[in-house]
Amino acid sequence: MGMWQILGRELSLEKTLVMAILNVTPDSFSDGGRYFAADEALRRVEQMIAEGADIIDVGGESSRPGSKPVSADEENSRVVPIIEAIAKRFDTPISVDTYKSAVAQAAAGAGAAIVNDISAFRFDTVMPETVAELKTGVVLMHSRGAFGTLHSTPPADDIFDAVSRDFHRAIDTAHAAGIADQSIALDVGIGFGKTLDQNLALISGIGRLIKAFPEYPFLIGTSRKSFIGKLLDGARPDQRLEGSLATAIVAVRSGVRIIRTHDIKETSAALKVVDALS
């Protein structure tokens, strides 16, 4: 598959990369408030790296159903000190989970090398130019609707067509801003404005999209999401490990190269075996 160009380095895609989720928010659906303090976050990051994390994805604004948007200043106050502390102590690449150009700018200054944009440049028109100037890697995720309706916008009739069209739009926007193909990764946005059947179809059929966009590595984030709870008879987020692993394995077998997860140790071990079997 080659390399993913991020700020200051290239990441090999020969093995599946594990992107570890670090939420520094008070209201994440899975771990809200747990890693809000810098010392707690650093202890968790140290554990994540020991368990096999290749990237640490720091988020300061929850995008769970029902979450409220926060200002760029508030988001910066949450993520920038944590990113700076991680970058000083560890060499593992850091991603910032944000759609705000002001946050991306501050996070990169603190040590982030990747911008993970859930809107794929829809929410902030300055973000493409910001990413191009910063020379970070970027994850472009498919979603629909405004921030407050990400999970309530009626689903598209043809989800593969909707995702494909949005990827073309986001990639064209990236190219116009001067972002190189080798810096771009794509994410189908599991759980964002999709029905249960559409989530399952995207996971099982993601190879179709990978073949349609062969220049770009694909990332997928299914970890502990509500559709897994529905499949597992109402399992709570902390009871969805097995379902999360199953979806990650299917995705990687179809060609996905980056898995975003809360459960680093178990995911890293599973993917090590999957990669050996490939």
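Computation of the quantities below employed the complete heavy-atom set of this structure, encompassing side-chain atoms and omitting hydrogens, waters and symmetry-equivalent molecules.
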Heavy-atom check, side chain of I206 versus side chain of V256, under 4.5 Å: yes

Steps toward side-chain contact (heavy atoms from CB on, under 4.5 Å) verdict (L202, L209): CA-CA 9 Å; L202 282 170; L209 290 164; 4.0 Å; yes

Residue pair S244, R224: steps toward the side-chain hydrogen bond (donor to acceptor under 3.5 Å, both in side chains) verdict: CA-CA 6 Å; S244 300; R224 303 184 184 179; over 6 Å; no

Criterion side-chain contact (heavy atoms from CB on, under 4.5 Å) on I114 and I55, from CA distance to verdict: CA-CA 9 Å; I114 301 163; I55 301 164; 4.0 Å; yes

Any side-chain heavy-atom pair of T195 and F227 under 4.5 Å: no

Ion pair check, R260 and D57, cut-off under 4.0 Å: yes

M48 to A20 - nearest heavy-atom pair and separation: SD-CB, 3.7 Å

ILVMFWY cluster, L241 and I190 together (side-chain gap under 4.5 Å): no

S268 side-chain N/O to E51 backbone N/O, donor-acceptor pair under 3.5 Å: yes

Donor-acceptor contact present, side-chain R257 to main-chain E14, <3.5 Å: yes

Spacing of I56 atom CD1 and I264 atom CD1 [to the nearest 0.5 Å]: 7.0 Å

M19/D54 under side-chain contact (heavy atoms from CB on, under 4.5 Å): CA gap, chis, key distance, verdict: CA-CA 6 Å; M19 177 183 276; D54 299 295; over 6 Å; no

From K100 atom NZ to E75 atom CD, the distance as rounded to the nearest 0.5 Å: 4.0 Å

Lys NZ or Arg CZ of R122 over Y99 ring: under 6.0 Å, within 45°: no

Test log, rule side-chain contact (heavy atoms from CB on, under 4.5 Å), inputs I203 and I220: CA-CA 9 Å; I203 296 165; I220 202 166; 4.1 Å; yes

Separation between CD1 of I6 and CG of L134, rounded to the nearest 0.5 Å: 13.0 Å

Non-hydrogen side-chain atoms of N23 and I21 separated by less than 4.5 Å: yes

Expected output: side-chain S226 to main-chain G229 donor-acceptor under 3.5 Å: no

Gap separating the CD1 atom of I228 from the OG atom of S223, nearest 0.5 angstrom: 7.0 Å

I118 backbone acceptor or donor facing S143 side chain under 3.5 Å: yes

NZ/NE/NH1/NH2 to OD/OE distance under 4.0 Å, D166 and R169: yes

Neighbour count >12 (heavy atoms, 6.0 Å) for atom CG, D161: yes

Under 3.5 Å donor-acceptor, E84 side chain and P81 backbone: no

Polar side chain donor-acceptor pair, H262 to D238, under 3.5 angstrom: no

Donor-acceptor pair, side chain of E74 and main chain of R78, under 3.5 angstrom: no

Pairwise side-chain contact, V139 with V115, heavy-atom cut-off 4.5 Å (strictly under): no

Flag, side chain of D275 to backbone of T16, donor-acceptor distance under 3.5 Å: yes

Pair D263, T261: side-chain N/O donor-acceptor within cut-off below 3.5 Å: no

Member of F160, F213, F121 meeting the ring-ring contact (aromatic ring centres under 6.0 Å, His included) criterion with F167: F213

Approximate separation, where rounding is to 0.5 Å, of S12 OG and L17 CG: 7.5 Å

More than 12 heavy atoms of other groups within 6.0 Å of K135 NZ: no

N/O donor-acceptor pair under 3.5 Å between W4 side chain and S183 backbone: yes

Distance-only donor-acceptor check, side chains S95 and N116, under 3.5 Å: no

Worked verdict on R9 versus D91 for salt bridge (charged side-chain N to carboxylate O under 4.0 Å, His left out): CA-CA 11 Å; R9 71 178 87 180; D91 188 48; 3.4 Å; yes

Close side-chain approach of I184 to L186, heavy-atom, < 4.5 Å: yes

Residue pair F90 / V45, side-chain heavy-atom distance below 4.5 Å: yes

T153-R144 side chain donor-acceptor pair, cut-off 3.5 Å: no

R236 backbone acceptor or donor facing Q239 side chain under 3.5 Å: yes

NZ on K272 to OG1 on T267, rounded to 0.5 Å: 13.0 Å

Side chains of H142 and K194 in contact at under 4.5 Å (non-hydrogen atoms): yes

Flag, side chain of E61 to backbone of V70, donor-acceptor distance under 3.5 Å: yes

Contact check, side chains of I86 and T92, non-hydrogen atoms, under 4.5 Å: no

Audit row: S119, D117, side-chain hydrogen bond (donor to acceptor under 3.5 Å, both in side chains) steps and yes/no: CA-CA 5 Å; S119 81; D117 184 350; 2.8 Å; yes

